[in-house]
Protein chains: 2
Amino acid sequence: MPRDSSEKRMEILKFFWQYTQEHRRPPTMREIGEHLGLSSPSHVKYHIDRLCAQRLMKREPGVARGLRITAKAMELLGESLPTEEEMLSLPFLGYIVASAPVPVEALSGSETIEISRSLFGRNVDNLFALRVQGNSMIDALINDGDIVVFRPQQRVENGELAAVWITETGETTLKRFYDEGTRVRLQPANVTMQPLYYPREAVEVQGKVVLVIRQLA
Amino acid sequence: MPRDSSEKRMEILKFFWQYTQEHRRPPTMREIGEHLGLSSPSHVKYHIDRLCAQRLMKREPGVARGLRITAKAMELLGESLPTEEEMLSLPFLGYIVASAPVPVEALSGSETIEISRSLFGRNVDNLFALRVQGNSMIDALINDGDIVVFRPQQRVENGELAAVWITETGETTLKRFYDEGTRVRLQPANVTMQPLYYPREAVEVQGKVVLVIRQLA
DNA sequence: CTTGACATAGAAAATATGTTCTATATAATT
DNA sequence: AATTATATAGAACATATTTTCTATGTCAAG
């Protein structure tokens, strides 16, 4: 009885995707058939051929498990295929503190943090991540323990959140940055804390905050 | 001439990885042998078997292209394997508002958001994500536009951030949840806003906040 | 020097898997 | 009513792939 077989084909795509995720290899036609309850491999091939005609799948003739799913099919499935290109592996450089910032030496750890590319804009070069220690940025909605991702840059607009390197102490701190002409003001985002003032050449902006991640439970 | 065959094995791992990336399926032993210049499949199997013994690869006997590379091998290769298992594809269900919460119907979108598994604890079943609209949770450091990830659960501790379904309006809202015996209090985290009170059976906790993500630039 | 572990090759056998062919049934079309 | 496209099954076949077996050459250790 020819039921709605477009649904059946969709089921094939879905199964193909699942199976590939789980086994790290494409399924055979028989495996697909088994899942769908189709008892002959030729029957599966029949549907596969149609899926290929619709450009929802692609095959390399003659190779075992030589099936692929196309981007078109992925859209149809509503999956955003998390390929390697979609993922960024950011260096996770340790802690950044407001009061007693990390020495730059610490900025060489080998840990990384994986974050989906889609959470960022165009330029994702050299992004790096730090974990915030202390609650000096609480008014900027950044809490103790939050992970902050920075885009490296030497200049930021006044008032932006930035990682700032203080030459004389060799430490880096997270503050709101204000260039006031004769000096710069590093402003904690916490009403109970006082700003720091430095000559402009005594500090160096290392990057600006582009993402904040907070783990709760 | 028995050269340094540990290097040869490394080459196998490397080729396996490359091939898998490129073709979206594991290579056969013959394909590996061809690449390495080994002329017999048994020779390849010989090395593969040793790689398996070292737990650098894994196989399912009898299945064509039934090879895998282990995490241990990935480390060896210096690749940070952003595999599917390391990634979670959470359903991104739309917006959640405090004042005028989304109707449940909206909770069926097909968008997803990719987040690294490592940002979560043990249980990552059925996590889902919403984007916050409005600033009613500002005191909880959750801002307009933030992405919030929930773990589905029916009970939360008093004071925890929860997605709560209000039966009569058919809407879901993000609040601090307090069970006060005769009633429940849904408390916005914004001093300028008043709490909502409901009979306990009029609301249903849908999940608790486990992650907050804020994109800045 | 002998022994044994390792690296290699080739062929043959055993399976796994894709492909082709024949046949049947239903639904839509002519 | 006849025709055609679609959906399905089963068997047989061809080929891809893994697995087993036998052999040979090198090297290190006894």
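Proteins come first, then strands; the chains are lettered A, B, ... in the order of their sequence lines, and each starts at number 1.
As rounded to whole Å, 18 Å separates atom P of C:dT24 from atom OH of A:Y46. Counting to the nearest Å, the C1' atom of D:dT8 and the CD1 atom of A:I32 are 16 Å from each other. For the pair B:D49 CG and D:dT20 P, the computed distance is 9 Å after rounding to whole Å. The nearest whole Å value for the distance from the NE2 atom in B:H43 to the P atom in C:dA9 is 6 Å. Between the P atom of D:dT6 and the CG atom of A:L38 lies a distance of 17 Å, rounded to the nearest Å.
Checked by distance alone, A:S42 brings no side-chain donor or acceptor within 3.5 Å of a matching partner on the base of C:dG18.
Legend: residues meeting ring-ring contact (aromatic ring centres under 6.0 Å, His included) with A:F15, ordered by chain and number and at least two apart, are A:Y19, A:H35. Taking the side-chain hydrogen bond (donor to acceptor under 3.5 Å, both in side chains) definition, one finds that B:S42 meets it with B:S40, sequence neighbours left out.
Of the charged side-chain nitrogens involved, none lies within less than 4.0 Å of a carboxylate oxygen, so that A:E160 and A:R155 do not count as a salt-bridged pair. Salt bridge present: B:E60 and A:R25 bring a charged side-chain N and a carboxylate O closer than 4.0 Å. Salt bridge absent: A:E7 and A:K14 never bring a charged side-chain N and a carboxylate O closer than 4.0 Å.
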Please evaluate residues A:T172 and A:Q206 with respect to the criterion side chain to side chain donor-acceptor pair (under 3.5 Å), reporting the C-alpha separation (whole Å), side-chain torsions for both, the decisive distance (0.1 Å), and the verdict.
CA-CA 8 Å; A:T172 300; A:Q206 302 215 293; 3.2 Å; yes
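A close approach under 4.0 Å does occur between a side-chain nitrogen or oxygen of A:H47 and OP1 or OP2 of D:dT8. Put simply, A:K8 has no side-chain N or O that comes within less than 4.0 Å of OP1 or OP2 on D:dT6.
The stretch residues 57-67 of chain B touches DNA chain D through B:R59, B:P61, B:G62, B:V63, B:A64, B:R65, each having a heavy atom under 4.0 angstrom from the strand.
Under 3.5 Å, the side chains of B:T173 and B:K175 contain a donor-acceptor pair of N or O atoms.
Which of D:dT6, D:dT19, C:dT8 sits closest to the side chain of B:P41 comes down to D:dT19.
Across all strands shown, B:S39 has heavy atoms under 4.0 Å from sugar-phosphate atoms exclusively, and none from any base.
Remark on DNA chain C: of its neighbouring residues A:K45 and A:E31, the 5'-side contact belongs to A:E31, judged by nearest-heavy-atom nucleotide. When each of A:R50 and A:S40 is assigned the nucleotide of DNA chain D bearing its nearest heavy atom, the one mapping closer to the 5' terminus is A:R50.
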